[in-house]
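Nothing here was measured: the structure is a model prediction, and the numbers come from that model.
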Amino acid sequence: MAIARRHRAGSVYPHWFYLPAAVVYGTLFLAPTVASFYFSLTRWTLFDHEFIGLENFAVLFREPALVKGMTNTAVYAVVTSGLKVVLGLPLAVLLTSDVVGRAYLRSVVFFPVLVSTIGVGITFTVLMRPGDGLINDGLAAIGIKGPAWLTDPSYALLSVALVDVWKGVGLATLIYIAGIVSIPREYFEAATVDGAGRFAAFWHVLLPLCRPATVTVVILSLIGGLRSFDLIWTMTRGGPGFTSDVIASVIYKQYQAGFYGLSTAGNVVLFLVVTVVVLPLSLLLGRKQVEL
(Lines give C-alpha, C1' and ligand atoms only; values in the text may rest on other atoms or scores of the structure.)
Protein backbone atom coordinates (compact mmCIF):
# COMPACT_ATOMS: atom_id res chain seq x y z
CA MET A 1 0.00 0.00 0.00
CA ALA A 2 2.86 2.36 0.87
CA ILE A 3 4.48 1.74 -2.53
CA ALA A 4 1.15 2.35 -4.26
CA ARG A 5 0.75 5.66 -2.39
CA ARG A 6 4.22 6.74 -3.43
CA HIS A 7 3.46 5.88 -7.05
CA ARG A 8 0.28 7.96 -6.90
CA ALA A 9 2.26 10.83 -5.42
CA GLY A 10 4.56 10.70 -8.42
CA SER A 11 7.70 9.52 -6.57
CA VAL A 12 8.99 5.95 -6.35
CA TYR A 13 11.33 6.73 -3.44
CA PRO A 14 10.78 8.35 -0.04
CA HIS A 15 11.46 12.08 -0.11
CA TRP A 16 14.38 11.82 2.33
CA PHE A 17 16.26 9.87 -0.39
CA TYR A 18 16.71 13.21 -2.14
CA LEU A 19 18.29 14.84 0.91
CA PRO A 20 21.98 14.01 0.14
CA ALA A 21 21.66 15.42 -3.40
CA ALA A 22 19.86 18.50 -2.05
CA VAL A 23 22.64 19.08 0.51
CA VAL A 24 25.37 18.78 -2.13
CA TYR A 25 23.45 21.04 -4.55
CA GLY A 26 22.78 23.63 -1.87
CA THR A 27 26.37 23.60 -0.63
CA LEU A 28 28.12 23.70 -4.00
CA PHE A 29 25.66 25.83 -6.01
CA LEU A 30 22.92 27.64 -4.10
CA ALA A 31 25.04 28.94 -1.21
CA PRO A 32 27.87 30.28 -3.44
CA THR A 33 25.31 31.84 -5.79
CA VAL A 34 23.53 33.67 -2.98
CA ALA A 35 26.89 34.75 -1.53
CA SER A 36 27.99 36.06 -4.95
CA PHE A 37 24.84 38.13 -5.31
CA TYR A 38 25.43 39.63 -1.86
CA PHE A 39 29.16 40.35 -2.29
CA SER A 40 28.48 41.92 -5.70
CA LEU A 41 26.80 44.69 -3.69
CA THR A 42 29.86 45.26 -1.51
CA ARG A 43 33.44 46.48 -1.68
CA TRP A 44 35.24 43.54 -0.14
CA THR A 45 38.62 42.06 0.67
CA LEU A 46 39.54 38.80 2.36
CA PHE A 47 39.19 40.45 5.76
CA ASP A 48 36.46 43.06 5.42
CA HIS A 49 33.53 44.19 3.30
CA GLU A 50 31.44 47.34 2.95
CA PHE A 51 27.92 47.42 1.50
CA ILE A 52 27.74 49.88 -1.41
CA GLY A 53 24.54 48.82 -3.20
CA LEU A 54 24.58 48.85 -6.99
CA GLU A 55 27.75 50.93 -7.31
CA ASN A 56 29.78 47.97 -8.64
CA PHE A 57 27.26 47.41 -11.41
CA ALA A 58 27.20 51.10 -12.30
CA VAL A 59 31.01 51.15 -12.59
CA LEU A 60 31.03 47.87 -14.50
CA PHE A 61 28.56 49.01 -17.13
CA ARG A 62 30.51 52.23 -17.67
CA GLU A 63 33.59 50.14 -18.46
CA PRO A 64 34.23 50.22 -22.26
CA ALA A 65 35.96 46.84 -22.06
CA LEU A 66 32.73 45.23 -20.83
CA VAL A 67 30.77 46.35 -23.89
CA LYS A 68 33.50 44.99 -26.16
CA GLY A 69 33.66 41.82 -24.06
CA MET A 70 29.91 41.21 -24.34
CA THR A 71 30.01 41.68 -28.11
CA ASN A 72 32.97 39.32 -28.42
CA THR A 73 31.28 36.77 -26.16
CA ALA A 74 28.17 36.76 -28.36
CA VAL A 75 30.24 36.36 -31.55
CA TYR A 76 32.37 33.63 -29.99
CA ALA A 77 29.37 31.67 -28.69
CA VAL A 78 27.47 31.85 -32.01
CA VAL A 79 30.51 30.90 -34.13
CA THR A 80 31.60 27.98 -31.95
CA SER A 81 28.11 26.52 -31.42
CA GLY A 82 27.19 26.94 -35.10
CA LEU A 83 30.37 25.27 -36.37
CA LYS A 84 30.05 22.40 -33.91
CA VAL A 85 26.58 21.66 -35.30
CA VAL A 86 27.66 22.08 -38.93
CA LEU A 87 30.74 19.85 -38.51
CA GLY A 88 29.49 17.46 -35.86
CA LEU A 89 26.50 16.14 -37.82
CA PRO A 90 28.39 15.20 -41.04
CA LEU A 91 31.16 13.60 -38.97
CA ALA A 92 28.56 11.58 -37.06
CA VAL A 93 26.93 10.45 -40.32
CA LEU A 94 30.35 9.38 -41.60
CA LEU A 95 31.27 7.58 -38.38
CA THR A 96 27.99 5.64 -38.27
CA SER A 97 28.42 4.41 -41.85
CA ASP A 98 30.47 1.42 -42.98
CA VAL A 99 33.66 3.46 -43.36
CA VAL A 100 36.93 1.55 -42.94
CA GLY A 101 38.52 2.00 -39.50
CA ARG A 102 35.36 3.45 -37.99
CA ALA A 103 36.30 2.73 -34.35
CA TYR A 104 39.75 4.26 -34.81
CA LEU A 105 38.34 7.36 -36.51
CA ARG A 106 35.84 7.82 -33.69
CA SER A 107 38.65 7.82 -31.15
CA VAL A 108 40.67 10.29 -33.25
CA VAL A 109 37.73 12.71 -33.50
CA PHE A 110 36.98 12.48 -29.78
CA PHE A 111 40.60 12.65 -28.58
CA PRO A 112 40.88 16.51 -28.50
CA VAL A 113 37.99 16.62 -26.01
CA LEU A 114 40.17 14.74 -23.51
CA VAL A 115 43.20 17.01 -23.87
CA SER A 116 43.75 19.83 -21.37
CA THR A 117 42.40 23.15 -22.62
CA ILE A 118 45.53 24.92 -21.39
CA GLY A 119 47.70 22.42 -23.26
CA VAL A 120 45.68 22.94 -26.44
CA GLY A 121 45.98 26.72 -26.07
CA ILE A 122 49.76 26.61 -25.61
CA THR A 123 50.19 24.20 -28.53
CA PHE A 124 48.14 26.27 -30.96
CA THR A 125 49.80 29.48 -29.79
CA VAL A 126 53.08 28.00 -31.03
CA LEU A 127 51.51 26.62 -34.22
CA MET A 128 49.95 29.99 -35.05
CA ARG A 129 53.05 32.13 -34.70
CA PRO A 130 53.13 34.49 -37.70
CA GLY A 131 56.84 34.08 -38.45
CA ASP A 132 57.81 30.49 -37.70
CA GLY A 133 54.49 28.81 -36.87
CA LEU A 134 53.85 25.45 -38.50
CA ILE A 135 50.47 26.56 -39.88
CA ASN A 136 51.89 29.54 -41.75
CA ASP A 137 54.86 27.48 -42.90
CA GLY A 138 52.43 24.98 -44.39
CA LEU A 139 50.48 27.74 -46.13
CA ALA A 140 53.71 29.27 -47.45
CA ALA A 141 54.63 25.91 -48.97
CA ILE A 142 51.59 26.16 -51.27
CA GLY A 143 52.10 29.85 -52.01
CA ILE A 144 49.71 31.38 -49.47
CA LYS A 145 50.85 34.03 -47.00
CA GLY A 146 49.30 33.23 -43.64
CA PRO A 147 47.98 36.01 -41.41
CA ALA A 148 49.09 36.92 -37.90
CA TRP A 149 46.49 34.66 -36.37
CA LEU A 150 46.70 35.82 -32.76
CA THR A 151 48.23 39.29 -33.05
CA ASP A 152 46.05 40.76 -35.79
CA PRO A 153 42.86 42.27 -34.29
CA SER A 154 40.87 41.06 -37.31
CA TYR A 155 41.79 37.40 -36.73
CA ALA A 156 42.50 36.92 -33.02
CA LEU A 157 39.00 36.12 -31.73
CA LEU A 158 38.03 33.93 -34.69
CA SER A 159 41.35 32.08 -34.49
CA VAL A 160 40.66 31.12 -30.89
CA ALA A 161 37.08 30.19 -31.83
CA LEU A 162 38.38 27.79 -34.50
CA VAL A 163 40.68 26.14 -31.96
CA ASP A 164 37.69 25.82 -29.61
CA VAL A 165 35.73 24.13 -32.41
CA TRP A 166 38.64 21.73 -33.09
CA LYS A 167 38.71 20.78 -29.42
CA GLY A 168 34.95 20.52 -28.88
CA VAL A 169 33.57 19.10 -32.13
CA GLY A 170 34.33 15.56 -30.90
CA LEU A 171 31.75 15.90 -28.13
CA ALA A 172 29.17 17.24 -30.58
CA THR A 173 29.95 14.31 -32.90
CA LEU A 174 29.51 11.84 -30.04
CA ILE A 175 26.11 13.30 -29.17
CA TYR A 176 25.03 13.10 -32.81
CA ILE A 177 26.27 9.50 -33.07
CA ALA A 178 24.08 8.61 -30.07
CA GLY A 179 21.14 10.35 -31.74
CA ILE A 180 21.67 8.59 -35.08
CA VAL A 181 22.06 5.07 -33.69
CA SER A 182 18.84 5.53 -31.67
CA ILE A 183 16.79 6.07 -34.87
CA PRO A 184 14.99 2.83 -35.80
CA ARG A 185 16.30 1.35 -39.06
CA GLU A 186 12.72 0.87 -40.25
CA TYR A 187 12.47 4.58 -41.08
CA PHE A 188 15.41 4.38 -43.48
CA GLU A 189 14.12 1.14 -44.98
CA ALA A 190 10.72 2.74 -45.57
CA ALA A 191 12.38 5.75 -47.20
CA THR A 192 14.37 3.44 -49.47
CA VAL A 193 11.21 1.55 -50.46
CA ASP A 194 9.59 4.90 -51.32
CA GLY A 195 12.49 5.63 -53.66
CA ALA A 196 14.36 8.13 -51.51
CA GLY A 197 18.06 8.50 -52.19
CA ARG A 198 20.75 9.13 -49.59
CA PHE A 199 20.29 12.88 -49.54
CA ALA A 200 16.50 12.61 -49.29
CA ALA A 201 16.82 10.10 -46.44
CA PHE A 202 19.24 12.43 -44.68
CA TRP A 203 17.05 15.51 -45.16
CA HIS A 204 13.63 14.01 -44.44
CA VAL A 205 14.46 11.23 -41.96
CA LEU A 206 17.79 11.63 -40.20
CA LEU A 207 17.84 15.40 -39.80
CA PRO A 208 14.36 15.76 -38.20
CA LEU A 209 14.85 12.74 -35.93
CA CYS A 210 18.23 14.10 -34.79
CA ARG A 211 16.59 17.25 -33.47
CA PRO A 212 17.03 16.24 -29.78
CA ALA A 213 20.77 15.79 -30.40
CA THR A 214 20.93 19.16 -32.18
CA VAL A 215 19.18 20.86 -29.26
CA THR A 216 21.67 19.31 -26.84
CA VAL A 217 24.68 20.35 -28.92
CA VAL A 218 23.42 23.91 -29.36
CA ILE A 219 22.63 24.39 -25.65
CA LEU A 220 25.91 22.90 -24.40
CA SER A 221 27.96 24.80 -26.98
CA LEU A 222 26.25 28.10 -26.19
CA ILE A 223 26.82 27.66 -22.47
CA GLY A 224 30.48 26.82 -23.11
CA GLY A 225 30.89 29.75 -25.51
CA LEU A 226 29.29 32.29 -23.19
CA ARG A 227 31.44 31.11 -20.28
CA SER A 228 34.65 30.80 -22.31
CA PHE A 229 37.82 31.94 -20.59
CA ASP A 230 40.68 29.45 -20.29
CA LEU A 231 41.41 28.99 -23.99
CA ILE A 232 41.14 32.71 -24.76
CA TRP A 233 43.30 33.68 -21.81
CA THR A 234 45.95 31.11 -22.69
CA MET A 235 46.18 32.14 -26.34
CA THR A 236 45.65 35.93 -26.41
CA ARG A 237 45.12 37.29 -22.86
CA GLY A 238 42.20 39.15 -24.42
CA GLY A 239 44.47 40.98 -26.85
CA PRO A 240 45.71 42.51 -28.92
CA GLY A 241 44.28 45.40 -26.94
CA PHE A 242 40.73 44.36 -26.02
CA THR A 243 39.90 42.80 -29.39
CA SER A 244 39.50 39.23 -28.09
CA ASP A 245 38.31 40.05 -24.58
CA VAL A 246 35.20 38.19 -23.45
CA ILE A 247 33.10 38.77 -20.35
CA ALA A 248 35.07 36.23 -18.30
CA SER A 249 38.45 37.75 -19.19
CA VAL A 250 37.20 41.25 -18.33
CA ILE A 251 36.09 39.89 -14.95
CA TYR A 252 39.46 38.25 -14.37
CA LYS A 253 41.33 41.46 -15.18
CA GLN A 254 39.25 43.30 -12.58
CA TYR A 255 40.12 40.59 -10.06
CA GLN A 256 43.83 40.86 -10.91
CA ALA A 257 43.64 44.61 -10.30
CA GLY A 258 42.23 44.00 -6.82
CA PHE A 259 38.64 45.10 -7.54
CA TYR A 260 37.06 42.04 -5.95
CA GLY A 261 33.58 43.48 -5.58
CA LEU A 262 33.64 44.63 -9.19
CA SER A 263 34.74 41.21 -10.42
CA THR A 264 32.00 39.56 -8.33
CA ALA A 265 29.45 41.88 -9.94
CA GLY A 266 30.82 40.82 -13.31
CA ASN A 267 30.29 37.17 -12.39
CA VAL A 268 26.69 37.94 -11.49
CA VAL A 269 26.23 39.67 -14.85
CA LEU A 270 27.73 36.64 -16.62
CA PHE A 271 25.42 34.29 -14.70
CA LEU A 272 22.40 36.38 -15.69
CA VAL A 273 23.51 36.60 -19.34
CA VAL A 274 23.89 32.81 -19.59
CA THR A 275 20.51 32.29 -17.89
CA VAL A 276 18.69 34.87 -20.02
CA VAL A 277 20.10 33.45 -23.27
CA VAL A 278 20.09 29.72 -22.61
CA LEU A 279 16.91 29.19 -20.58
CA PRO A 280 14.41 30.71 -23.07
CA LEU A 281 16.26 29.07 -25.97
CA SER A 282 16.12 25.71 -24.23
CA LEU A 283 12.39 26.08 -23.55
CA LEU A 284 11.72 27.20 -27.13
CA LEU A 285 13.67 24.37 -28.73
CA GLY A 286 12.17 21.86 -26.30
CA ARG A 287 8.63 23.04 -27.13
CA LYS A 288 9.24 22.77 -30.87
CA GLN A 289 10.70 19.31 -30.31
CA VAL A 290 7.51 18.20 -28.51
CA GLU A 291 5.37 19.64 -31.32
CA LEU A 292 7.25 17.52 -33.81
Side-chain angles (χ1 to χ4, degrees), residues 74-115 117 120 124 135 138-139 142 144 157-228 231 274 277-292:
V75 171
Y76 189 92
V78 171
V79 169
T80 53
S81 58
L83 286 178
K84 285 173 186 177
V85 170
V86 170
L87 297 175
L89 181 56
L91 282 171
V93 172
L94 174 66
L95 297 177
T96 51
S97 65
D98 295 327
V99 64
V100 177
R102 181 173 63 183
Y104 171 74
L105 291 175
R106 285 182 178 180
S107 63
V108 168
V109 169
F110 189 72
F111 176 74
V113 179
L114 306 176
V115 181
T117 303
V120 169
F124 273 92
I135 293 176
L139 292 174
I142 58 175
I144 300 175
L157 184 67
L158 292 179
S159 297
V160 181
L162 291 176
V163 176
D164 188 303
V165 171
W166 176 85
K167 186 183 187 315
V169 73
L171 180 60
T173 303
L174 184 67
I175 294 171
Y176 272 120
I177 288 174
I180 291 172
V181 299
S182 67
I183 300 174
R185 296 295 98 185
E186 290 81 0
Y187 289 104
F188 296 101
E189 293 170 1
T192 302
V193 170
D194 289 340
R198 289 186 177 182
F199 179 78
F202 169 83
W203 188 259
H204 295 289
V205 178
L206 189 147
L207 193 59
L209 294 178
C210 271
R211 186 183 184 88
T214 301
V215 171
T216 302
V217 171
V218 169
I219 296 301
L220 291 179
S221 300
L222 272 178
I223 292 173
L226 292 171
R227 295 174 58 251
S228 59
L231 189 62
V274 173
V277 172
V278 172
L279 187 59
L281 182 62
S282 178
L283 293 174
L284 176 64
L285 293 177
R287 187 179 302 116
K288 288 186 176 181
Q289 180 179 318
V290 171
E291 290 172 359
L292 289 174

Would you say S81's side chain and V78's backbone share a donor-acceptor pair under 3.5 angstrom?
yes
Suppose we screen for ring pair (Phe, Tyr, Trp, His ring centres under 6.0 Å). Which residues come up paired with Y176, at least two apart in sequence or across chains?
none
Rounded to the nearest 0.5 Å, what's the gap from OH on Y76 to CG on L231? Could you check?
4.5 Å
Side chain to side chain donor-acceptor pair (under 3.5 Å) contacts in which one or both residues fall within residues 184-193, not counting sequence neighbours
none
What pair of heavy atoms forms the shortest contact from V113 to L171, and how long is it?
CG2-N, 3.4 Å
Would you say that L83 contacts V169 through its side chain, given a criterion of any heavy-atom pair below 4.5 Å between the two side chains?
no
Report, as yes or no, whether the 6.0 Å neighbourhood of atom CZ on R102 holds more than 12 heavy atoms from other residues, nucleotides or ligands.
yes
Only distances under 3.5 Å count here; give the side-chain donor-acceptor pairs of residues 88-98 to other protein atoms, sequence neighbours excluded, each with its distance to 0.1 Å.
unit_1: T96; atom_1: OG1; unit_2: A92; atom_2: O; d: 2.8
unit_1: T96; atom_1: OG1; unit_2: V93; atom_2: O; d: 3.1
unit_1: S97; atom_1: OG; unit_2: L94; atom_2: O; d: 2.5

Give a yes or no on whether the backbone of V115 and the side-chain of K167 come within a donor-acceptor separation of less than 3.5 Å.
yes
Drop me the distance from I223's CD1 to L281's CG, to the nearest 0.5 angstrom.
9.5 Å
At what distance, to the nearest 0.5 angstrom, does CD1 of I180 lie from CZ of F202?
8.0 Å
Option among D164, L222, I175 that satisfies the side-chain contact (heavy atoms from CB on, under 4.5 Å) test with K84:
D164
Hey, what do you get for CD1 (I219) to OG1 (T214), rounding to the nearest 0.5 Å?
11.5 Å
Measuring only between side-chain heavy atoms, which start at C-beta, is I183 closer than 4.5 Å to C210?
yes
Where is the tightest heavy-atom contact between T80 and A161, given as atom of each residue plus distance?
CG2-O, 3.7 Å
Hey, what's the ring geometry for W203 with F199, parallel, tilted or perpendicular (30° and 60° as the breaks)?
parallel
